[in-house]
Amino acid sequence: MLHRLYISGYKQFTRCRPAPFTRRSNAIQVRPYASYRRFNNSQSSTNIYQYYLLLLTSRKAMYIGGGLLGFYLFNLHEAPFTHRLRFIWIPFWIETKIGDYSYRQIMSQYGSMILPHLNPLYGRITTIMNKLLATAIANDEDQTQKRHLQQLHWEINIIQNDKLPPNAFILPNGKIFIFSSILPICENDDGLATVLSHELSHQLAQHSSEQLSSQPIYMFLSAVLYSLTGVSWFNDLLINGLFTMPASREMETEADHIGCELLAKSCFNPDQSIKFWERMGQEEQRLTRQMGGGGAANSVLGQWFSTHPATTKRIHDIQEWLPKLREMRESSGCYEYGRFHDFSANYFKKY
């Protein structure tokens, strides 16, 4: 509640007790009980900078920083195939629990659209996935991850809705979801193998765990930037543009590379990967025109804040890898009679 005090009219309008006064030279003098000081933003910013400087130079901060650095170095792991070092501290069991939670959410949203498992498509996709999984497990040098992949309860679910954007993904618990809208773009088994090997590669490289492991770092950076700038949207834009989105695009390129090697070693045709991405590019252009988008400026800005690399870049990358991929396919004995007995393992017992 706001109180107003009038002195010059010899009247006081207030609910509190009148302030005591003394007569000096026939004048009324009110004793000051409080004063108001304007908040100084520049002084506050200076204090924050000084606070961070003192905090960073303190002995306790050095001990904590040294411990965190040791934790970071201890949890640096080498990605399969590409041998990139990345920070992962989340174990497999937490990764699986997160996959279980995501699975329940997806089933509650799309459960009514899933095709019955008696549909012939499941047999076709199961055959492709068994070959890819057999190759991935046979070539995995990490024994812990190899056991983890073998123990997962693998499951395929086809979501029948051609109006949804073409998509497919594999959750960390081994649950596979394929949208029916991507099947015409795949066109054949090699196209399906391109999609499935890419999604399986995310699982092999533990990209979900890598993203989750980095989240506390991004949250800490966001909090520090907000204390300095006081602008949350700019800080989020900065962190996404400099860290989150580039890391996501790097993981996608890595999954492309691992996936192409998987399908080549599994006796699929790597040349068909380029044709798949060409068809995907045409579909993306169609959807862009349908949504009224497309301008050079929008595409450049969109790519900067995109989670996926441009389709043209993916095609260019695969074209560079093709000579090596063809050699891998030949060295895997794909042209020898009886070669496919190596893919006899079935990771989908109920299909």
Side-chain angles (χ1 to χ4, degrees), residues 72 75-90 92 94-95 98-99 101-103 105-106 145 164-173 175-179 182 194-223 225 232-262 273 276-277 280-281 283-284 287-288 291 293 298-318 320-321:
Y72 177 82
N75 288 285
L76 283 178
H77 302 280
E78 197 175 73
F81 295 90
T82 59
H83 306 291
R84 173 180 62 91
L85 284 178
R86 70 270 172 84
F87 173 63
I88 297 179
W89 59 269
I90 295 178
F92 284 119
I94 293 182
E95 185 182 83
I98 294 171
Y101 175 76
S102 300
Y103 175 75
Q105 284 189 317
I106 294 167
Q145 186 178 45
L164 293 173
N167 195 13
F169 53 88
I170 299 179
L171 297 177
N173 61 349
K175 307 305 186 218
I176 304 167
F177 288 89
I178 301 169
F179 289 74
I182 203 173
T194 299
V195 174
L196 295 173
S197 62
H198 172 87
E199 300 304 329
L200 178 58
S201 298
H202 282 303
Q203 173 78 4
L204 295 174
Q206 289 186 271
H207 286 159
S208 298
S209 295
E210 183 177 350
Q211 289 178 324
L212 290 170
S213 297
S214 302
Q215 284 304 311
I217 300 175
Y218 298 148
M219 292 172 64
F220 174 76
L221 287 175
S222 180
L225 286 173
S232 59
W233 67 266
F234 176 76
N235 302 332
D236 294 339
L237 199 67
L238 191 66
I239 291 174
N240 286 333
L242 294 180
F243 299 102
T244 309
M245 299 306 174
S248 178
R249 291 193 295 271
E250 184 179 17
M251 293 178 199
E252 290 295 328
T253 300
E254 185 174 63
D256 284 342
H257 195 178
I258 298 173
C260 285
E261 292 189 5
L262 275 180
S273 296
F276 165 79
W277 284 112
M280 180 62 77
E283 178 66 14
E284 290 173 352
L287 292 174
T288 301
M291 296 173 63
N298 292 334
S299 63
V300 171
L301 186 62
Q303 283 303 316
W304 181 258
F305 290 100
S306 175
T307 57
H308 290 62
T311 304
T312 52
K313 180 185 182 303
R314 305 180 101 150
I315 294 173
H316 180 266
D317 289 340
I318 298 174
E320 289 188 342
W321 303 331

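Keep in mind that what you see is a predicted model, and the values were worked out from it rather than measured.
Two residues are said to be in side-chain contact when any heavy atoms from C-beta on lie closer than 4.5 Å; Thr244 and Ile239 meet this criterion. Using a 4.5 Å heavy-atom threshold, the side chains of Ile88 and Asn75 count as separate. Contact of the Lys313 side chain with the Thr253 side chain is registered, since non-hydrogen atoms from C-beta on lie closer than 4.5 Å. Looking at heavy atoms from C-beta onward, Leu262 lies in side-chain contact with Ser201 at the 4.5 angstrom threshold. In this structure, the side chains of Gln211 and Met251 come closer than 4.5 Å at one or more pairs of heavy atoms. In this structure the side chain of Met245 reaches within 4.5 angstrom of the side chain of Thr307, judged on heavy atoms. Residues Asp256 and His198 meet the side-chain proximity criterion, which asks for heavy atoms closer than 4.5 Å. The shortest distance between side-chain heavy atoms of His257 and Trp321 falls below 4.5 Å.
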- Applying side chain to side chain contact (heavy atoms under 4.5 Å, CB included), run through Phe87 and Ile217 and close with a yes or a no. CA-CA 11 Å; Phe87 173 63; Ile217 300 175; 4.2 Å; yes
- Verdict with reasoning, Asn167 to Ile182, per side chain to side chain contact (heavy atoms under 4.5 Å, CB included): CA-CA 6 Å; Asn167 195 13; Ile182 203 173; 5.8 Å; no
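Note: Leu200 CG to Ile258 CD1 = 9.5 Å, rounded to the nearest 0.5 Å. Rounding to the nearest 0.5 Å gives a distance of 11.0 Å between CZ of Phe234 and CG of Asp236. Rounded to the nearest 0.5 Å, atoms CZ (Phe92) and CD (Gln206) are 4.0 Å apart. Rounding to the nearest 0.5 Å gives a distance of 11.0 Å between OH of Tyr101 and CD1 of Ile106. Rounded to the nearest 0.5 angstrom, Ser213 OG and Ile90 CD1 are separated by 4.0 Å. In this structure, Trp89 CH2 and Tyr72 OH are separated by 14.5 Å, a value rounded to the nearest 0.5 Å.
Between Arg314 and Glu252, at least one side-chain N (NZ, or NE/NH1/NH2) sits under 4.0 Å from a carboxylate O, which counts as a salt bridge. Taking 4.0 Å as the cut-off between side-chain N and carboxylate O, Arg84 and Glu254 count as a salt-bridged pair.
With hydrogens and angles left out, the side-chain atoms of Thr311 and Glu284 include a donor and acceptor closer than 3.5 Å.
The heavy-atom pair separating Phe276 from Val195 by the smallest distance is CZ-CG2, 3.3 Å. Closest non-hydrogen pair, Ile170 versus Leu196, comes out as CD1-O, 4.2 Å. In terms of heavy atoms, Asn240 sits closest to Pro246 at O-CD, 3.6 Å. Pairing each heavy atom of Ser197 with each of Gly259, the nearest pair is OG-O, 3.2 Å.
Judged by distance alone, with hydrogens and angles left aside, the side-chain atoms of Arg86 form a donor-acceptor pair with the main-chain N or O of Ala205 at under 3.5 Å. Side-chain N or O atoms of Glu78 include none that pairs as donor or acceptor with a backbone N or O of Leu85 at under 3.5 Å.
By the 30° and 60° cut-offs, the orientation of the rings of Phe243 relative to Tyr218 is tilted.
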